[in-house]
Undergrad: 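Mind having a look at this structure? Questions to follow.
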Amino acid sequence: MKTYKLTAFEANGEKLVDETIQAEHDAKAKELAEKLLAEKNLLEKTHRFTSPSGKLLLFHS
């Protein structure tokens with residue numbers, strides 16, 4: 001399993017989510033991150049999701 005990092009922010013910089021996600025590969029990790037963002041109604045908030053190697057998998061500003 002690989003460890004991925006998801007963060008979401010308010011416009012003022014307040015951190016709304018700071019979580020790690022465990023997954024076998026990037027596609028599954030991205031799916032899990034999108035699901036978490038949707039559950040928390042954060043898809044339209046600024047967010048980023050990165051792989052263990054630092055690759056940016058999701059970004060919204």
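This structure is a prediction, so every number in the text was calculated from the model and none was measured.
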Undergrad: Applying side chain to side chain contact (heavy atoms under 4.5 Å, CB included) to Leu42 and His47, what does each step give before you reach the verdict?
TA: CA-CA 8 Å; Leu42 297 174; His47 60 266; 5.8 Å; no

Undergrad: Sequence neighbours excluded, which residues qualify as side-chain hydrogen bond (donor to acceptor under 3.5 Å, both in side chains) partners of Thr20?
TA: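 If we apply the side-chain hydrogen bond (donor to acceptor under 3.5 Å, both in side chains) test to Thr20, skipping adjacent residues, there are no hits.
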
Undergrad: Minimum heavy-atom separation for Leu16 to Phe9, with atom names?
TA: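 Shortest heavy-atom separation between Leu16 and Phe9 comes out as CD1-C, 3.8 Å.
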
Undergrad: Tell me, which pairs form a side chain to side chain donor-acceptor pair (under 3.5 Å) where one or both residues lie in residues 7-19, sequence neighbours left out?
TA: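 Qualifying pairs: Lys5-Asp18, Thr7-Arg48, Glu10-Lys45, Lys15-Asp18.
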
Undergrad: Holding to side-chain hydrogen bond (donor to acceptor under 3.5 Å, both in side chains), I want the full list of residues that pass it with Thr50, two or more places apart in sequence or in another chain.
TA: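 Thr50 satisfies side-chain hydrogen bond (donor to acceptor under 3.5 Å, both in side chains) with no residue once adjacent residues are dropped.
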
Undergrad: Would you check, one step at a time, whether the test side chain to side chain contact (heavy atoms under 4.5 Å, CB included) holds for Glu24 with Lys2?
TA: CA-CA 6 Å; Glu24 290 289 329; Lys2 298 178 184 177; over 6 Å; no

Undergrad: List, one per line, each side-chain donor-acceptor pair under 3.5 Å for residues 29-36, sequence neighbours excluded.
TA:
unit_1, atom_1, unit_2, atom_2, d
Glu31, OE2, Lys28, NZ, 3.4

Undergrad: If you group Ile, Leu, Val, Met, Phe, Trp and Tyr whenever their side-chain heavy atoms sit less than 4.5 Å apart, what else falls in with Phe59?
TA: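 Traced through the cluster, Phe59 reaches Leu56.
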
Undergrad: Does Thr3 have any side-chain hydrogen bond (donor to acceptor under 3.5 Å, both in side chains) partners at least two apart in sequence or in another chain, and if so, which?
TA: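 Only Gln22 meet the side-chain hydrogen bond (donor to acceptor under 3.5 Å, both in side chains) criterion with Thr3.
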
Undergrad: Are the side chains of Leu37 and Val17 in contact, using a 4.5 Å heavy-atom criterion?
TA: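 When only atoms from C-beta onward are counted, Leu37 and Val17 do not touch, as no gap falls below 4.5 Å.
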
